[in-house]
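One structure is given here, and the rest of the page talks about it.
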Amino acid sequence: MLLHRSSGLVRLSIVLAATGFASFGTLAEHAATAADSQSVLVKSKPESSETYQLRHKLSANQKIRYEVTHVAKTKTRINGTEEIANVHTTSIRSWTVNDVKPSEMTFDHKIESVAMTQQNGEAEEIRWDSKTGDEPPGVFSVVASQIGTPLATVTINEKGDEIRREKHAGSASSLGMGSLTLSVPEEAVAVGTSWAVPSEIQARTEAGLVKTIKIRQVYTLKKVKAGVATIAVKSETLTPIDDESIKAQVVQQLSNGTIRFDVDNGYLLGKELNWDETVVGFQGAGSMMEYRARMTEELVNEDTVKSAKANDTQSRR
């Protein structure tokens with residue numbers, strides 16, 4: 001049965017995704033490449049004539065750190081039998097910029113530490129914090145083995161499009177957590193302008209076949225204040241989904257929330273994504289899945305400011 005085969009993978013995939021890891025092909029959002037992920041302006045209603053050029057700006061040897069917190073509750077019910085899974089993860093992830101050229105920037109993406117809590121049904125809660133030095137429980141062993149080493153070396157252009165990715169651990173999937181960077185339009189945009197970035201999601205049918213679902217992320221510039229752009233993001237499915245078991249997998253991989261971007265310095269300041277989804281009949285008439293989750297990502301300002309200042313000083317010498 002699909003539920004018993006996949007529900008455990010769903011819960012563990014959520015844990016891995018929250019920390020920046022993902023290893024299961026059961027639920028995978030394809031990382032976009034420069035060839036197929038170009039942002040496209042969509043119909044919008046600019047609120048003023050003032051426009052803003054959104055661009056990524058990184059400096060060689062700069063290190064940018066983010067604290068990522070992810071809380072999720074998944075409730076499944078089949079023929080009156082209910083199971084609840086809770087996950088709470090807090091991690092520190094970093095970019096270390098290796099090389100900067102006129103047209104591209106390359107950085108290593110790494111998870112520096114993670115604290116995780118997981119509970120399934122009435123089972124005892126499992127906790128682990130990598131900073132304690134304790135041996136991780138088996139369910140967290142994949143995550144533990146990848147802490148402190150680069151997950152990938154990623155090259156982007158100024159628009160945030162991913163040009164190349166050399167994987168070292170985990171996979172390129174994001175599972176609804178959003179991409180590492182913000183893909184922005186070629187054109188300068190006014191408040192009220194929207195743009196879209198295409199991507200794909202893979203899900204498994206009850207027969208075990210892989211089905212590809214085309215989606216797009218729609219971004220809308222909501223406001224710009226004190227050099228900070230607030231951008232709404234919402235995933236839209238482009239492929240019709242008639243199978244509720246497929247829908248149960250896909251809804252956990254869609255993004256809906258807000259991004260803050262530093263217009264002057266050219267990097268993400270923070271992100272908040274929320275999920276509140278219910279799927280009825282994903283495994284028969286008596287089945288239901290509820291998914292409630294929240295993910296926040298906040299820049300650790302001190303580290304970024306220090307590294308940026310150091311790079312500016314070196315460039316003047």
Are any side-chain N or O atoms of [X] and backbone N or O atoms of [Y], one a donor and one an acceptor, separated by less than 3.5 Å?
{"X": "Gln53", "Y": "Glu186", "result": "yes"}
{"X": "Thr89", "Y": "Met116", "result": "no"}
{"X": "Glu244", "Y": "Ala248", "result": "no"}
{"X": "Tyr52", "Y": "Leu221", "result": "no"}
{"X": "Trp128", "Y": "Asp134", "result": "yes"}
{"X": "Ser91", "Y": "Val114", "result": "no"}
{"X": "Gln253", "Y": "Gln249", "result": "yes"}
{"X": "His70", "Y": "Val87", "result": "no"}
{"X": "Ser287", "Y": "Phe282", "result": "yes"}

State plainly whether one hydrophobic cluster holds both [X] and [Y], where clusters connect Ile, Leu, Val, Met, Phe, Trp and Tyr through side-chain heavy atoms under 4.5 angstrom apart.
{"X": "Ile201", "Y": "Ile241", "answer": "yes"}
{"X": "Val218", "Y": "Val251", "answer": "no"}
{"X": "Met289", "Y": "Val71", "answer": "no"}

Distance (rounded to the nearest 0.5 Å) between [X] [atom1] and [Y] [atom2]:
{"X": "Leu151", "Y": "Asp108", "atom1": "CG", "atom2": "CG", "value": "9.5 Å"}
{"X": "Asn157", "Y": "Ile163", "atom1": "CG", "atom2": "CD1", "value": "4.5 Å"}
{"X": "Arg55", "Y": "Asn265", "atom1": "CZ", "atom2": "CG", "value": "16.0 Å"}
{"X": "Leu238", "Y": "Arg216", "atom1": "CG", "atom2": "CZ", "value": "6.0 Å"}
{"X": "Arg65", "Y": "Ser94", "atom1": "CZ", "atom2": "OG", "value": "6.0 Å"}
{"X": "Thr239", "Y": "Lys214", "atom1": "OG1", "atom2": "NZ", "value": "6.5 Å"}

Requested in this report: Check the pair Arg93 / Glu112 against salt bridge (Lys or Arg N to Asp or Glu O under 4.0 Å), numbers first and verdict last.
Outcome: CA-CA 6 Å; Arg93 70 178 180 88; Glu112 297 187 353; over 6 Å; no
With a 3.5 Å cut-off and no angle check, do the side chains of [X] and [Y] form a donor-acceptor pair?
{"X": "Thr153", "Y": "His168", "answer": "yes"}
{"X": "Thr296", "Y": "Glu272", "answer": "no"}
{"X": "Asp161", "Y": "Ser183", "answer": "yes"}
{"X": "Thr278", "Y": "Arg292", "answer": "yes"}

Query raised in the report: Between Arg164 and Glu162, is a salt bridge (Lys or Arg N to Asp or Glu O under 4.0 Å) present by the stated rule, with each step listed?
Result: CA-CA 6 Å; Arg164 293 184 300 278; Glu162 189 172 307; over 6 Å; no
[X] side chain near [Y] side chain, heavy-atom distance below 4.5 Å:
{"X": "His56", "Y": "Leu182", "answer": "yes"}
{"X": "Thr181", "Y": "Trp95", "answer": "yes"}
{"X": "Ile126", "Y": "Gln119", "answer": "no"}
{"X": "Glu200", "Y": "Ile213", "answer": "no"}
{"X": "Leu254", "Y": "Thr237", "answer": "yes"}
{"X": "Asn86", "Y": "Ile84", "answer": "yes"}
{"X": "Val233", "Y": "Thr258", "answer": "no"}
{"X": "Lys223", "Y": "Ile231", "answer": "no"}

Which heavy atom of [X] sits nearest a heavy atom of [Y], and at what distance?
{"X": "Ala229", "Y": "Val263", "answer": "CB-CG2, 3.7 Å"}
{"X": "Ser130", "Y": "Ser113", "answer": "OG-CA, 3.3 Å"}
{"X": "Val189", "Y": "Leu54", "answer": "CG2-CD1, 4.1 Å"}
{"X": "Gly192", "Y": "Thr220", "answer": "O-CG2, 4.0 Å"}
{"X": "Leu180", "Y": "Arg165", "answer": "CD1-NH2, 4.0 Å"}
{"X": "Leu58", "Y": "Gly266", "answer": "CD2-O, 4.5 Å"}

Report task. Answer yes or no: are there more than 12 heavy-atom neighbours, outside Glu122 itself, under 6.0 Å from its atom CD? Result -> no
**Report entry** Flag if over 12 foreign heavy atoms under 6.0 Å of NZ, Lys73
**Finding:** no
Report summary line: Members sharing Met288's hydrophobic cluster, built from side-chain contacts under 4.5 Å between Ile, Leu, Val, Met, Phe, Trp and Tyr, are Val280
**Report entry** Worked verdict on Val224 versus Thr230 for side-chain contact (heavy atoms from CB on, under 4.5 Å)
**Finding:** CA-CA 6 Å; Val224 179; Thr230 299; over 6 Å; no
**Report entry** side-chain contact (heavy atoms from CB on, under 4.5 Å) partner of Ile92, chosen from Lys110, Glu67, Lys131
**Finding:** Glu67
Query raised in the report: How far apart are the C-alpha atoms of Phe107 and Asp99, what are their side-chain angles, what is the distance that settles it, and do they pass the side-chain contact (heavy atoms from CB on, under 4.5 Å) test?
Result: CA-CA 7 Å; Phe107 61 88; Asp99 189 27; over 6 Å; no
Query raised in the report: Do His109 and Tyr66 have ring centroids that are under 6.0 Å from one another?
Result: no
Requested in this report: Go through the steps to decide whether Glu298 and Arg260 satisfy the test salt bridge (Lys or Arg N to Asp or Glu O under 4.0 Å), and finish with yes or no.
Outcome: CA-CA 9 Å; Glu298 290 295 329; Arg260 290 179 292 111; 2.6 Å; yes
Query raised in the report: Can Asp262 and Val228 be said to form a side-chain contact (heavy atoms from CB on, under 4.5 Å), step by step?
Result: CA-CA 5 Å; Asp262 189 323; Val228 176; 5.6 Å; no
**Report entry** Whether Trp195 and Tyr219 hold their rings parallel, tilted or perpendicular, with breakpoints at 30° and 60°
**Finding:** parallel
Query raised in the report: Sequence neighbours excluded, which residues qualify as salt bridge (Lys or Arg N to Asp or Glu O under 4.0 Å) partners of Glu82?
Result: Arg77
Report task. Show the numbers, then the answer: is there a side-chain contact (heavy atoms from CB on, under 4.5 Å) between Val97 and Asn61? Result -> CA-CA 5 Å; Val97 183; Asn61 302 316; over 6 Å; no
